[in-house]
Amino acid sequence: MNINEKLATLKYNKDKESHLAVDNDVCMRCNEKVCTYICPANVYEWNEEKCIMTIRYENCLECGACKIACDKKNIIWRYPNCEYGVKYKNG
Amino acid sequence: MENNKVEVIVVGAGPAGVSAAITLARAGKEVLLIERGDCAGDKNIFGGTIYAKQTAEIFPKFWLTGPIERAITEQKIFLLTDYNSTQFSYKYSSKGAYKAFTVNRAKWDKWCCNQAEKEGAYYAPKTLVKELILKDGKVIGIRTEFEEFYSDIVIIADGVNSLLAKQIGLRKDIKDTDVSLSVKEVIKINKEKLEDRFNVDEEDGCACKILGGPLKDKFALGFMYTNKDTISIGYSISLDEIKKYKIKPYELLDELKAHPTISAYIKDGETIEYSSHLIPEGGYKAIPKLYDNGVMIVGDAAMLVNNVHFEGTNLAMLSGKIAAETAIEAINSKDFSASSLSKYYTKLKESIVIKDLKTHKNTIEIIKKNIHTLSSIYPETACEFIEILTEADGIEKKVKYRKFLKDIIKKGVITSSIPLAILAMEKCLKR
Ligand SMILES: Cc1cc2nc3c(=O)[nH]c(=O)nc-3n(C[C@H](O)[C@H](O)[C@H](O)COP(=O)(O)OP(=O)(O)OC[C@H]3O[C@@H](n4cnc5c(N)ncnc54)[C@H](O)[C@@H]3O)c2cc1C
Ligand code: SF4
Ligand code: SF4
């Protein structure tokens, strides 16, 4: 079962604006790019061509792992505004 | 509630916050319980089991009316090798003396909140607390997206990421060695099939811990829990280990699900929910200062989880209760200063919350150092031993015994691990 199928089991209320942000210049100099594999929802993807981080914030599970794992402390992290984000039914 | 002012505001309606709010409401204090989810539980997941005795201290006889899934009557440990497994099980009768129950947090947290509301707490779901309001070095209220609320005391129960404790400097950035990440799937399965596979009666259930297999050599622990007609399966792993091995958490979960022993339990099931959450893992050494002028921190926000014994909800509820009792005394004496609220920490130290965490202050480190022995060598040795006992293959027994003994000496099972485990215990007890 791939990650997209896993995420498809979830109920989200998608916000128009992202609750996550990074400084792309810092990411450019980051060799590890931990966020691109540690995230359980595969939210981060580095776009080599444009040198920007694609952030699929609408898939975020609000766990907080990326914020702690990024050694450069480059992730501006907050909870989605109320009524938005993931909604578990079987936690 | 007059002018948006109450005696106590509790932020977060998980086990810690609800326990604090209901304790205050029962004492006739004015308390506002705030939760960011549309309903309490919407944002929460766990393994898992709640513990009967400690939960009943807040919600007496909750199993009669609360939304429980199954009463645990078997605790099972799976030691996996790459393809095989040895299993230990402790089975007991639940009749009359329940020990633990599986629950679905979406339903359970909601029910708990309803109880707090019935007992007189104000409850505000769909409300995100953005920050604490401070005046003259004292916490005097909270700011949401839309308005402000004031109180004599704020109890912070906002979970492991506690942005609020961080705002006032009581918590620093979490270290990646002090938390683990969990991923989990809830798998729907025919009820009779579930009961057959786990060999449990109707309404009874099984709690499983999983070591080794795809998780071997990593500081990771798998779990399986039986609910009414679903199985919760997942694992937790230290954040620093994910970094070290560059693991994609969901891929490792699929490997665990595909292990022959595990896949037999979940086959033909349909995954109805995937989820993820952090667990505090730093133990005693990671506990921050838990109070200041007008404020106390409880539950996961205070990092009060005993990972060695899989205890979180019980410590959350107990810390919430003790903080509420401290708040009641403070309200009665009209003293909300840090020195008045320091009684919370004094009482917490006298309770099992801090006592148990202190007992285990070095245990996680010791387990981490010996993870190869625990998650690789033990499962292999256990499986080999049972194979020797049971396999008739024409090879002389003496030859097999010799090889087995030689192997375990070489691997250090006898010379290092067992004495090490005893040493670890002794170290704990010495303190
Ligand atoms: C995979 C997994 C398995 C576990 N298994 C077990 C187990 O078997 N047994 C056990 O006892 N424990 C287990 N635990 C631990 C247990 O779940 C936690 O210790 C417990 O939930 C902590 O309770 P809490 O109230 O402190 O925090 P939480 O349950 O996290 O509740 C915090 C609440 O605060 C809300 N919130 C956060 N920020 C804000 C804000 N700014 N404004 C408003 N609301 C906010 C959240 O939405 C949430 O409802 C497990 C945990 C995980 C992740
Ligand atoms: S780990 Fe941090 S700095 Fe590195 S790429 Fe990700 S967000 Fe950028
Ligand atoms: S909070 Fe968790 S799910 Fe959301 S982006 Fe960060 S790591 Fe991914």
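In what follows, chains carry the letters A, B, and so on, assigned in the order in which the sequence lines appear, proteins first and then strands, with residues in each chain numbered from 1. Hydrogens, waters and symmetry mates are skipped; everything else that's a heavy atom, side chains included, is used.
- Not a single donor-acceptor pair under 3.5 Å links the side chain of B:Y250 to the backbone N or O of A:M1.
- Between chain B and the options A:V34, A:L7, A:I38, heavy-atom pairs under 4.5 Å are most frequent for A:I38.
- The most heavy-atom pairs under 4.5 Å with chain A, out of B:H277, B:K130, B:K43, come from B:K43.
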Practice task
Kindly indicate, with the supporting measurements, whether the criterion side-chain contact (heavy atoms from CB on, under 4.5 Å) is fulfilled by B:R36 and A:E62.
Solution key: CA-CA 12 Å; B:R36 71 187 183 95; A:E62 301 161 32; 2.8 Å; yes
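- More than 12 heavy atoms of other residues, nucleotides or ligands lie within 6.0 Å of NZ in A:K6, so this atom counts as buried by the packing criterion.
- Of the atoms belonging to A:E5, not a single heavy atom falls under 4.5 Å from chain B.
- Side-chain contact check for B:E251 versus A:N2: every heavy-atom pair is 4.5 Å or farther apart.
- Sparse packing is recorded around NZ of B:K107, with 12 or fewer heavy atoms of other residues, nucleotides or ligands lying under 6.0 Å away.
- The contact between B:F146 and chain A is made entirely by side chain atoms (from C-beta outward), counting heavy-atom distances below 4.5 Å.
- For B:E145, the part lying near chain A is the side chain, with the backbone staying farther off; criterion is any non-hydrogen pair under 4.5 Å.
- Closest heavy-atom contact between B:L181 and A:A65: CD1-CB, 3.9 Å.
- With a 4.5 Å cut-off on non-hydrogen atoms, B:D38 touches chain A through its side chain but not through its backbone.
- For B:K175, the part sitting under 4.5 Å from any heavy atom of chain A is the backbone (N, CA, C, O) and nothing else.
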Exercise for the section: Check the pair B:V183 / A:L61 against side-chain contact (heavy atoms from CB on, under 4.5 Å), numbers first and verdict last. Expected result: CA-CA 10 Å; B:V183 285; A:L61 301 170; over 6 Å; no
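- Using a distance-only test at 3.5 Å, with no hydrogens or angles considered, no donor-acceptor pair links the side chain of B:D173 to the main chain of A:I68.
- Contacts between B:V160 and chain A at a heavy-atom distance below 4.5 Å are absent for every atom of the residue.
- Annotation: B:K166, atom NZ; neighbour count of heavy atoms from other residues, nucleotides and ligands within 6.0 Å does not exceed 12.
- Within the 3.5 Å criterion, the main-chain N or O of A:P40 finds no donor-acceptor partner in the side chain of B:K248.
- Heavy-atom neighbours of chain B within the stretch residues 41-54 of chain A, taken at a separation under 4.5 angstrom, comprise A:N42.
- Chain A forms the most heavy-atom pairs under 4.5 Å with one residue out of B:L278, B:D176, B:V186, and that residue is B:L278.
- Once rounded to the nearest 0.5 Å, the distance linking OH of A:Y79 with CG of B:N161 reads 4.5 Å.
- Proximity of A:Y37 to B:P249: side-chain heavy atoms (C-beta onward) are nowhere separated by under 4.5 Å.
- For B:L239, the parts sitting under 4.5 Å from any heavy atom of chain A are the backbone and the side chain alike.
- Contact count versus chain A (heavy atoms, under 4.5 Å) is highest, among B:K126, B:K243, B:E185, B:R105, for B:K243.
- The line from CD1 of B:I279 to SG of A:C63 is 11.5 Å long, rounded to the nearest 0.5 Å.
- Scanning residues 8-24 of chain A against chain B with a 4.5 Å non-hydrogen threshold yields A:T9, A:L10, sorted by number.
- Shown here is B:K267, whose NZ atom has no more than 12 heavy atoms of other residues, nucleotides or ligands within 6.0 Å.
- Listed by sequence position, A:N81, A:C82, A:E83, A:Y84, A:G85, A:V86, A:K87, A:Y88, A:K89, A:N90, A:G91 are the residues of residues 81-91 of chain A in contact with chain B, using a 4.5 angstrom heavy-atom cutoff.
- Annotation: residues 224-232 of chain B contacts chain A through no residue [non-hydrogen atoms, separation under 4.5 Å].
- Considering only heavy atoms from C-beta on, A:E32 comes within 4.5 Å of B:K246 through its side chain.
- Heavy atoms closer than 4.5 Å to chain A are found in the backbone of B:T127, but not in its side chain.
- If you measure heavy-atom distances from B:I247 to chain A, the contacts under 4.5 Å come from the backbone alone.
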